[in-house]
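Here the structure comes first, spelled out in structure tokens, and everything after it is commentary.
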Amino acid sequence: MAKVSEAAERAVPAAGSSHGGVQSLPPRQIKIIGVPLDLGASRRGVDMGPSAVRVAGLEARLEALGHEVNDGGNIAVAIAETKQIGEQSARYLKEITETCAKAAEMVVRSLEEGMTPVVLGGDHSVAAGTVSGVAEFFRREKKKIGLIWIDAHSDINTPETSPSGNVHGMPLAALLGLGPAPLADIFDWSPKIEPENTVLIGVRDIDATEKENIKRAGVTEVYTMRDIDERGMRTVMEEALRVAGRGTAGYHVSLDMDWIDPEDAPGVGTPVRGGATYREAHLAMEIIADHGRMVSFELVEVNPVIDERNRTAELAVELISSAFGKKIL
């Protein structure tokens with residue numbers, strides 16, 4: 001196994017104590033990257049998500065935990081009204097790919113500087129850029145990464161299988177090498193992640209064609225809300241992190257706020273009833289912090305247009321804080 005560079009070691013701190021105290025992680029240098037992309041969905045408004053999360057106090061909360069935070073601002077994103085949709089099977093694919101490529105480059109630079117990237121979306125298509133950047137950085141170290149995909153949806157459609165043509169339902173397919181090709185081939189290689197290190201958590205709304213894509217991609221670790229109901233969040237998370245961490249440099253966490261029940265997170269792009277509760281969501285993040293192997297994080301699909309007094313963004317800040325070490329005691 002190749003030796004991790006000094007930059008990589010700074011970006012991936014060793015796990016600290018998992019009991020007591022306000023944080024289990026050593027202080028990190030965190031780079032906030034906003035990607036206000038809303039071209040991937042039918043419902044507009046998630047482009048305001050990064051601002052909503054910032055307004056909810058993300059930087060101050062992370063600094064209160066002892067982390068050093070640098071906000072890199074927002075990546076420039078095309079406005080839908082100024083662009084052509086392109087192919088109906090993958091709407092705005094050209095513009096989305098351009099944005100994701102820029103995000104990937106910024107993620108690589110952040111990791112090279114020893115920082116932990118925290119990407120704020122935007123719709124979930126931004127993940128094709130975030131994960132590509134993380135995977136590229138560790139590929140240069142001759143290492144691979146795992147992926148924890150926490151979402152009500154599997155987002156593993158392709159242009160051939162998508163019923164809507166919305167690219168925010170395709171990023172996981174791209175990362176696993178199924179397509180669409182422009183998103184899959186960022187940095188000119190694919191796939192970015194291996195199916196044996198890819199874990200889906202909390203899914204409850206999967207298209208029939210996506211079920212076939214999950215099988216075709218070879219992803220076997222899929223934990224539905226029924227699994228969480230029957231087995232409990234702790235068991236699911238412990239198993240998921242073992243799978244994502246096996247033989248990897250660590251794992252990227254991609255958190256779609258529609259994973260949480262709309263009762264607690266009403267302001268999301270595509271709400272689905274029956275999601276994780278407030279405490280289940282926090283427990284999942286706390287367990288991630290306990291393991292200490294998260295190399296990067298992203299949070300997507302906060303839609304202030306349909307939120308209630310920014311409460312979804314405030315919950316997003318709470319969950320990011322838990323993932324970065326905030327404890328009850």
Side-chain angles (χ1 to χ4, degrees), residues 37-44 46 85-93 96-97 100 121-128 131 147-185 190-231 236 239-240 243-244 254-262 265 268-276 280 300-301 303 306:
L37 181 68
D38 76 341
L39 299 175
S42 297
R43 175 180 277 164
R44 308 294 298 282
V46 294
I85 288 175
E87 294 293 332
Q88 288 290 343
S89 61
R91 303 163 78 246
Y92 300 108
L93 178 60
I96 290 169
T97 301
C100 286
D123 68 63
H124 215 160
S125 58
V126 306
V131 180
L147 176 61
I148 303 291
W149 193 270
I150 306 176
D151 195 339
H153 310 89
S154 59
D155 292 348
I156 198 168
N157 265 309
T158 65
E160 295 74 31
T161 66
S162 172
S164 67
N166 290 334
V167 177
H168 77 156
M170 304 181 191
L172 186 56
L175 294 167
L176 286 162
L178 300 183
L183 275 185
D185 295 337
S190 180
K192 300 300 193 300
I193 49 174
E194 300 295 335
E196 61 265 27
N197 297 123
T198 302
V199 186
L200 279 67
I201 298 173
V203 290
R204 58 190 185 276
D205 185 13
I206 304 176
D207 296 329
T209 50
E210 286 185 293
K211 296 176 184 178
E212 292 303 315
N213 284 349
I214 289 171
K215 294 175 184 175
R216 185 156 66 97
V219 176
T220 59
E221 302 300 319
V222 181
Y223 297 92
T224 68
M225 283 307 301
R226 176 173 177 171
D227 293 313
I228 292 172
D229 292 340
E230 291 183 343
R231 305 180 60 204
V236 165
E239 287 185 9
V243 169
S254 188
L255 173 59
D256 188 321
M257 286 298 288
D258 70 22
W259 170 60
I260 301 159
D261 194 87
V268 297
T270 47
V272 183
R273 293 176 62 189
E280 284 175 331
V300 301
E301 300 283 357
N303 190 335
I306 56 175

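With a 4.5 Å cut-off on side-chain heavy atoms, V272 and D258 do not count as touching. Between P163 and D207, the closest side-chain pair of non-hydrogen atoms falls below 4.5 Å. Side-chain contact between D123 and E301: present, with at least one pair of heavy atoms (C-beta onward) separated by less than 4.5 Å. The side-chain heavy atoms of W149 and T198, taken from C-beta on, include no pair separated by under 4.5 Å. Contact of the L147 side chain with the L172 side chain is registered, since non-hydrogen atoms from C-beta on lie closer than 4.5 Å.
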Take R216 and E212 through the test salt bridge (Lys or Arg N to Asp or Glu O under 4.0 Å) and record every step on the way to the result.
CA-CA 6 Å; R216 185 156 66 97; E212 292 303 315; over 6 Å; no
Before you tell me yes or no, could you show the steps for H153 and D256 under side chain to side chain donor-acceptor pair (under 3.5 Å), namely the whole-Å CA-CA distance, both residues' side-chain angles and the distance that decides it to 0.1 Å?
CA-CA 9 Å; H153 310 89; D256 188 321; 5.0 Å; no
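The distance from the CZ atom of R44 to the CG atom of D38 is 4.0 Å, given to the nearest 0.5 Å. I201 contributes atom CD1, which lies 7.5 Å from atom OH of Y223 (distance to the nearest 0.5 angstrom).
Checked by atom type and distance alone, the side chain of D227 pairs as donor or acceptor with a backbone atom of T224 at under 3.5 Å. Checking side-chain atoms of T161 against main-chain N and O of T158 turns up a donor-acceptor pair under 3.5 Å.
Side-chain atoms of R43 and N303 include no donor-acceptor pair closer than 3.5 Å. For the 3.5 Å distance criterion, the side chains of S254 and H124 qualify, holding a donor opposite an acceptor.
A128 and L183 make their closest contact through CB-CD2, 3.8 Å (heavy atoms, listed as atom of the first residue, atom of the second, distance). Across A276 and I260, no two heavy atoms sit closer than the pair O-CG2, 3.4 Å.
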